[in-house]
Amino acid sequence: MTLYPVPESVGRARRWFRHFVEPHKPVCSMDDCVCVISELVTNAVRYAEAEEEWRVRVEWQREGTDLRVDVHSPGAPAKVRALPYTEDSENGRGLWLVEALTDSWNVGPSPFGGTVVSFVMANAWPA
């Protein structure tokens with residue numbers, strides 16, 4: 001799915017994911033997946049930087065029994081990091097939430113240019 005870098009794209013990404021993944025009946029929590037997608041697309045919309053017009057790209061794939069989701073955006077991978085926060089902080093919890101809800105996640109260069117943030121839900125389908 002390709003999205004404009006606007007706040008409304010977050011809801012679109014959630015609906016798209018449910019529409020295309022739920023029919024495959026994964027056993028992982030769809031609510032957790034949608035929450036993580038919301039965080040990653042929100043971060044892409046808020047923090048990605050590019051001089052020209054750009055889009056957020058969301059992809060999902062089945063890797064054996066695992067579910068992998070990639071969120072691509074412009075900008076340098078080194079800028080994606082979990083920030084320290086306090087209980088009074090208004091921001092900074094997103095990647096900590098990604099860490100808590102997924103089996104693994106990582107950041108690297110996107111094959112489309114820019115950054116890809118990926119997460120895996122292990123054993124999302126029975127073997």
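- Nearest heavy-atom pair, A48 versus P74, reported as atom, atom and distance to 0.1 Å: CB-O, 3.4 Å.
- Hydrophobic clustering places M1 together with V71 (ILVMFWY residues linked when any side-chain heavy atoms are closer than 4.5 Å, directly or through intermediates).
- Scanning all heavy atoms of the two residues, the minimum distance from P109 to V116 falls at O-CG1, 3.6 Å.
- Side-chain contact check for W105 versus V117: some heavy-atom pair is nearer than 4.5 Å.
- Taking CZ of F17 as the reference point, atom CE of M30 lies at 4.5 Å (rounded to 0.5 Å).
- Note that CG of L95 and CZ of F119 are 12.5 Å apart. Values are rounded to the nearest 0.5 Å.
- Remark: of the listed residues T42, I37, V36, V36 is the sole one forming a side-chain contact (heavy atoms from CB on, under 4.5 Å) with L40.
- Atom CG of residue D103 and atom CE of residue M121 lie 6.0 Å apart, to the nearest 0.5 angstrom.
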One pair to check against side-chain contact (heavy atoms from CB on, under 4.5 Å): C35 and D32. What are the steps and the verdict?
CA-CA 5 Å; C35 181; D32 287 355; 5.6 Å; no
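- Here the shortest heavy-atom pairing between Y4 and S9 reads O-OG, 2.6 Å.
- Residues passing the side-chain hydrogen bond (donor to acceptor under 3.5 Å, both in side chains) test with R68, sequence neighbours excluded: D70, S118.
- Residues forming a ring pair (Phe, Tyr, Trp, His ring centres under 6.0 Å) with F112 (at least two apart in sequence, or on another chain): H72.
- Under the 4.5 Å side-chain criterion, counting only non-hydrogen atoms from C-beta, R12 is in contact with L3.
- In the model, R55 has no side-chain atom that pairs as donor or acceptor with a side-chain atom of T2 under 3.5 Å.
- Looking at heavy atoms from C-beta onward, C28 lies out of side-chain contact with N123 at the 4.5 angstrom threshold.
- Put simply, CD on E39 and OG1 on T102 are 12.0 Å apart, with the number rounded to the nearest 0.5 Å.
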Give the C-alpha distance, both sets of side-chain angles, the deciding distance and a yes or no for side-chain contact (heavy atoms from CB on, under 4.5 Å) between V69 and V58.
CA-CA 7 Å; V69 178; V58 181; 4.2 Å; yes
Evaluate side-chain contact (heavy atoms from CB on, under 4.5 Å) for R62 paired with D66, printing each intermediate quantity in order.
CA-CA 6 Å; R62 187 173 174 169; D66 298 344; over 6 Å; no
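- Here the SG-CZ distance, from C33 to R18, works out to 9.0 Å after rounding to the nearest 0.5 Å.
- G75 and T115 get closest at one heavy-atom pair: O-OG1, 2.7 Å.
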Using the side-chain contact (heavy atoms from CB on, under 4.5 Å) rule, take V45 and V6 through it: C-alpha gap first, then chi angles, then the decisive distance, then the call.
CA-CA 6 Å; V45 168; V6 296; 5.5 Å; no
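- One N or O on the side chain of S38 and one on the backbone of V34 form a donor-acceptor pair closer than 3.5 Å.
- Here the NZ atom belonging to K25 is positioned 12.5 Å from the CH2 atom belonging to W125, to the nearest 0.5 angstrom.
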